[in-house]
Peer 1: 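Shown below is the structure under consideration.
Just so it is clear: chains get the letters A, B, ... in the order the sequence lines come, proteins before strands, and each one is counted from 1.
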There are 2 protein chains.
Amino acid sequence: MNAMDSNIRILVADDHPLLREGLSGMIAGQPDMKLVAEAENGEQALQAYRTHQPDITLMDVQMPKMNGIDAITAIRSEFPAARIVVLTTYKGDAQAVRAIKAGASGYLLKSMLRKDLVETIRSVHAGRRRISADIASEMAEHMADDELTTRERDVLSRVAAGNANKEVAAQMGISEETVKTHMKNVLTKLSARDRTHAVVVAVRRGIIDL
Amino acid sequence: MNAMDSNIRILVADDHPLLREGLSGMIAGQPDMKLVAEAENGEQALQAYRTHQPDITLMDVQMPKMNGIDAITAIRSEFPAARIVVLTTYKGDAQAVRAIKAGASGYLLKSMLRKDLVETIRSVHAGRRRISADIASEMAEHMADDELTTRERDVLSRVAAGNANKEVAAQMGISEETVKTHMKNVLTKLSARDRTHAVVVAVRRGIIDL
DNA sequence: GATGTCCTCCCCATTTCGGGGGATGGCGGG
DNA sequence: CCCGCCATCCCCCGAAATGGGGAGGACATC
């Protein structure tokens, strides 16, 4: 095995050109790593993965066309062995959980240092998992919590849009009483004091989007 | 005037090392620009500005210790001629307005292309102002709107934290009736359907933080 | 087939909100 | 000095939300 073969081949998927530039520079500075492709959205990432089948994929979550989570799911359904590291600004523990469940091997903050990032890449390439300490502890805090059900998230999203229970009921084709029940459960699960607080907590934790 | 003197001397202030790396690389690629210092928070930015007095400062809004807006205010109070370009992920028109009012000469999104960014730097260096088209149009949409008063923002923040009007009143040492009055005004000004919607709108527009 | 979770619906009572009106004093700009 | 904006407080009232209870059916898991 020569030096060429031992390179860790990397795909970068992020919609910020400047950040890609930064990553590219960082990778260029590592003798054992090589950037093989870039993508600026989830669809391109999937395409690029098919073409290059990189050893490691660095993926942002928030991207146009197809978000990072869906891209991970898509890639992993075709290539179950794909090693993907999510690189994101903080968006709550729930998003991290979704990424991990989708098959990510790492979850890092963009604010992390170069050194830690290259370490993580080598680590994940060697088959380990890596989650930023702050995110890990945040995830741990909510481990015991019941997650919101699909229906509860749906109701909460509509409430966040400014709909009254009655309106939500009409939109979802269910009774207002059912909406109330869902909201009661949401308030309990999120330890929120009222619906407004519930929306804030859910957004902070990445459970719903604004 | 030799080539050295004609360089645009740049200070970069952003808490993401990777983005600084990207900017640094971009600047290095321009023959007429030179990166003279980096900062990873507002305090460092102020310090670095005093030391280097750069021609252009690229500043993120969201930074630890001292945020970008406060840093701009601080720098401009000492150096009224400072030309500062805000570089940020989108956080609503209100934040942009605050930055401009604080004295920023430009407001750009991090998702913008290298080419546009270097153009903007030259443009601002030449004394012009530059605001991203999307942000400008967003700002225009709300030009006619009444802004929230200090008190109204204060009330709304507390409501976002899950406090009932009565609790907000107690915290602020005013009557519940007054809180209601403020909330009525907030709902009207933000065209919100209820308090929950008001919080969502205010967060989206960068009027309050989560 | 028993258990559990989810979704659905219903009852009760109390509290909180939202929308309408009006009123006062302060403070700064014109 | 007057006007406008801000902040404060008050009234009334109907609508909405909250908090407690219970309960049935679907569906998957074990």
Peer 1: Taking the minimum atom-to-atom distance to the side chain of Thr149(A), which one of dC6(C), dC6(D), dC10(D) wins?
Peer 2: dC6(C)

Peer 1: Kindly compute the distance separating CG (Asn41(B)) from CE (Met66(B)), expressed to the nearest 0.5 Å.
Peer 2: 8.5 Å

Peer 1: Nearest-Å distance, NE2 (His182(B)) to P (dC17(C))?
Peer 2: 15 Å

Peer 1: In whole Å, what is the span from the CE atom of Met183(B) to the P atom of dG19(C)?
Peer 2: 10 Å

Peer 1: If I take atom CG in residue Leu156(A) and atom P in nucleotide dA17(D), what distance separates them, rounded to the nearest angstrom?
Peer 2: 13 Å

Peer 1: What's the closest nucleotide to the side chain of Ala164(A) if the choices are dT8(C), dA16(D), dC10(C)?
Peer 2: dA16(D)

Peer 1: Would you say Gln62(A) and Asn67(A) are linked by a side-chain donor-acceptor pair, where the criterion is simply a distance under 3.5 Å?
Peer 2: no

Peer 1: Specify the separation, in whole Å, of atom CD of Glu176(A) and atom C1' of dC10(C).
Peer 2: 12 Å

Peer 1: Give Lys166(B) one of three labels, base, sugar-phosphate or nothing, depending on what nucleic acid heavy atoms sit under 4.0 Å from its own.
Peer 2: sugar-phosphate

Peer 1: Of Glu147(B) and Ser175(B), whose nearest nucleotide on DNA chain D comes first from the 5' end?
Peer 2: Glu147(B)

Peer 1: Quick one: is Asn165(A) getting a side-chain N or O under 4.0 Å of the dA17(D) phosphate, OP1 or OP2?
Peer 2: yes

Peer 1: Would you kindly give the CG-to-P distance between Asp154(B) and dT8(D), to the nearest whole Å?
Peer 2: 9 Å

Peer 1: Which nucleotide in the set dC9(C), dC7(C), dT18(D) lies at the smallest distance from any side-chain heavy atom of Lys180(A)?
Peer 2: dT18(D)

Peer 1: Check this for me: does any side-chain nitrogen of one of Arg158(A) and Glu167(A) sit under 4.0 Å from a carboxylate oxygen of the other?
Peer 2: no

Peer 1: Go through the N and O atoms of the side chain of Thr181(A) and the base of dC9(C), and report whether any donor-acceptor pair is under 3.5 Å.
Peer 2: yes

Peer 1: Could you say whether Gly173(A) or Asp194(A) is positioned toward the 5' end of DNA chain C, judged by the nucleotide with the nearest heavy atom to each?
Peer 2: Gly173(A)

Peer 1: Report yes if a side-chain nitrogen or oxygen of Lys184(A) is closer than 4.0 Å to either non-bridging phosphate oxygen (OP1 or OP2) of dT18(D); otherwise report no.
Peer 2: no

Peer 1: Pick one: which of Lys180(A), Arg195(A), Glu177(A) meets side chain to side chain donor-acceptor pair (under 3.5 Å) with Asn165(A)?
Peer 2: Arg195(A)

Peer 1: Rounded off to whole Å, could you give me the CZ-to-C1' distance for the Arg193(B) and dC17(C) pair?
Peer 2: 15 Å

Peer 1: Can you tell me the distance, in whole Å, between the CG atom of Asn185(B) and the C1' atom of dT8(D)?
Peer 2: 12 Å

Peer 1: Looking just at side-chain N and O atoms, do Asn185(B) and Arg151(B) make a donor-acceptor pair shorter than 3.5 Å?
Peer 2: no

Peer 1: I want to check one thing: is the phosphate of dC17(C), taken as OP1 and OP2, less than 4.0 Å away from some side-chain N or O of Arg195(B)?
Peer 2: yes

Peer 1: Measure CG/Asp146(B) against C1'/dC5(D) and give the value in whole Å, please.
Peer 2: 10 Å

Peer 1: Name the closest nucleotide to the Leu187(A) side chain, picking from dT18(D), dT8(D), dT8(C).
Peer 2: dT18(D)

